[in-house]
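Note on naming: letters A, B, ... go to the chains in the order of the sequence lines (proteins, then strands), and numbering restarts at 1 for each one. A quick note: this is a predicted structure, and the numbers were derived from the prediction, not measured.
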Amino acid sequence: MSLVINKNFDEEKNVWDVALKGEVDIYTANKLKETLIDMVSEKPQDILIDASSLEYIDSTGLGVLIGALKRLKQHDKDIYIRETKINVRKIFNITGLDKIFKLEG
Amino acid sequence: MSLVINKNFDEEKNVWDVALKGEVDIYTANKLKETLIDMVSEKPQDILIDASSLEYIDSTGLGVLIGALKRLKQHDKDIYIRETKINVRKIFNITGLDKIFKLEG
Amino acid sequence: MDAIKNQILDNEGASEIDVISMTIPSRPEYVGVIRLTVSAIANRIGFNIEDIEDIKVAVAEACTNAIQHSYNDESNFYVAFEIGIDSLGVVVRDDGKGIKVEDVKEPQLGELKEGGLGIFIIKSLMDEVSFSCEIEKGTEIKMVKFLHENY
Amino acid sequence: MDAIKNQILDNEGASEIDVISMTIPSRPEYVGVIRLTVSAIANRIGFNIEDIEDIKVAVAEACTNAIQHSYNDESNFYVAFEIGIDSLGVVVRDDGKGIKVEDVKEPQLGELKEGGLGIFIIKSLMDEVSFSCEIEKGTEIKMVKFLHENY
Ligand SMILES: Nc1ncnc2c1ncn2[C@@H]1O[C@H](COP(=O)(O)OP(=O)(O)O)[C@@H](O)[C@H]1O
Ligand SMILES: Nc1ncnc2c1ncn2[C@@H]1O[C@H](COP(=O)(O)OP(=O)(O)O)[C@@H](O)[C@H]1O
């Protein structure tokens with residue numbers, strides 16, 4: 001019932017690596033929102049999200065990701081989401097967001 | 001939120017091996033009670049309980065174990081309980097039942 | 001005659017559906033508590049892991065809306081779990097301004113809009129969804145999931 | 001004056017303690033649901049794993065008693081979680097015949113008696129335990145656990 005966010009800017013590849021651990025819901029979404037906005041302001045580069053330990057996401061979390069993607073698109077950058085668990089993947093699929101975000105693995 | 005009971009009579013050692021998996025509470029205690037009573041009726045021999053996968057026990061479960069022990073004592077037999085988890089062990093300790101049952105490992 | 005009939009129906013209902021009801025402060029930190037509670041109930045009914053996940057998400061979406069649209073910070077919202085032999089109904093009610101029918105429209109999937117996905121997700125994951133509301137008196141959403149034999 | 005003072009106290013209370021309340025059918029299969037719910041709440045307050053286990057067992061013992069002593073099969077019992085910044089109070093109430101003071105005595109530890117351990121376990125695991133009851137109107141038990149800083 002909490003969210004741990006680990007971020008790191010990969011100077012070599014010029015991308016943000018972000019690992020999400022736990023749950024993104026109405027309680028934790030703000031923390032994710034602030035982190036992503038800070039990252040985009042600091043360096044507007046591609047964001048790679050490691051979702052292998054993301055146990056849960058709902059519409060609040062999707063809203064935050066969409067907001068961040070909008071900002072990135074202004075710089076022609078993208079959000080890549082890797083290794084989503086089957087339940088998380090399902091939420092992206094039914095909302096059609098699997099076609100908006102770059103889902104991998 | 002359920003209980004799985006695996007029992008087997010060890011002909012060589014002349015003892016009952018019972019593995020408890022899950023939780024013994026007001027919902028599952030009856031199942032344990034019936035199993036233990038059947039075992040004692042069939043062969044009144046020592047009972048070795050493998051508690052390594054027993055996640056939870058409360059006073060309802062303790063009552064069932066005490067009832068079975070009483071029956072066994074009439075035949076001079078005992079109940080041995082092995083590898084209790086720390087939370088289960090605590091319940092035996094605070095009720096003084098660690099001195100009544102043979103707790104091992 | 002009608003009174004007797006109703007009584008019989010009530011008695012029948014009582015033995016088939018168990019109701020667990022909850023009153024919860026309208027604050028974000030408690031949605032996680034409801035998620036665990038509904039998981040435990042769904043598990044008890046016999047739903048499989050995938051269904052339990054669906055139910056968890058749908059119920060959380062409804063609670064999120066109830067919290068966001070509650071009358072004020074001191075408000076509570078209400079959840080009732082209707083536990084059948086092969087079904088789980090969940091009613092979520094708040095005391096907010098009420099939902100308007102035109103709010104409940106299909107989102108343009110694939111558009112970059114930050115809102116409007118919650119109710120769509122609920123409808124996608126549950127077997128039956130219905131709303132009832134009185135303007136200025138709050139919203140009540142009821143969703144049902146049936147236990148299917150084919151697994 | 002007193003009225004104003006009480007109001008201030010009430011307001012202070014309201015902002016410090018959140019209450020989640022539940023109504024549950026008096027049936028054994030729902031004790032596991034309450035265990036998960038109270039675990040989630042205790043986790044949210046910040047209790048460590050050992051304390052959460054203690055709270056789980058104590059609350060389950062009280063629910064078990066409420067179910068065993070409920071008025072009849074169609075009865076409900078009631079649980080209220082009083083969520084403080086550094087404490088969790090849990091009230092469990094039933095509509096049974098009420099508990100008698102002489103029932104609540106120390107068990108003879110080490111004796112082979114099948115009953116009488118539940119309330120002793122609750123008292124051992126929680127920081128504060130109190131009863132209130134009216135004969136023929138049911139029993140209410142309240143237990144509190146405090147979050148200690150020293151870990
Ligand atoms: N409990 C509620 N009370 C009042 N209005 C609501 C409630 N739930 C939803 N709504 C309205 O319906 C709209 C769509 O809700 P939803 O699909 O959950 O998306 P979101 O809440 O992300 O905008 C909301 O924007 C809001 O206007
Ligand atoms: N909710 C209750 N309503 C009425 N009597 C109760 C209630 N809870 C406990 N009691 C009484 O107190 C006694 C001791 O309870 P407890 O310590 O839980 O042991 P047990 O229930 O195993 O006998 C019970 O035997 C019963 O007589």
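Counting heavy atoms from C-beta on, the side chains of D:Leu88 and D:Ile83 come closer than 4.5 Å.
Of the atoms belonging to D:Val38, not a single heavy atom falls under 4.5 Å from chain C. Proximity to chain D (any heavy atom under 4.5 Å) is shown, for C:Val79, by neither the backbone nor the side chain.
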When the side chains of residues 57-70 of chain D are checked against the rest of the protein, which donor-acceptor pairs come out under 3.5 Å, sequence neighbours left out?
{"from": "D:Glu61", "atom 1": "OE1", "to": "B:Ser59", "atom 2": "OG", "distance (Å)": "2.5"}
{"from": "D:Glu61", "atom 1": "OE2", "to": "B:Ser59", "atom 2": "N", "distance (Å)": "2.6"}
{"from": "D:Glu61", "atom 1": "OE2", "to": "B:Ser59", "atom 2": "OG", "distance (Å)": "3.3"}
{"from": "D:Thr64", "atom 1": "OG1", "to": "D:Ala60", "atom 2": "O", "distance (Å)": "2.7"}
{"from": "D:Ser70", "atom 1": "OG", "to": "D:Ser26", "atom 2": "OG", "distance (Å)": "2.7"}
{"from": "D:Ser70", "atom 1": "OG", "to": "D:Ala66", "atom 2": "O", "distance (Å)": "2.8"}

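In this structure, CG in D:Asn76 is found 8.0 Å from CG in D:Asp95, a value given to the nearest 0.5 Å.
The candidate from C:Thr23, C:Val19, C:Thr37 with the greatest count of non-hydrogen atom pairs under 4.5 Å with chain D is C:Thr23.
The main-chain N or O of D:Phe146 is found under 3.5 Å from a side-chain atom of D:Asp127 such that the two form a donor-acceptor pair.
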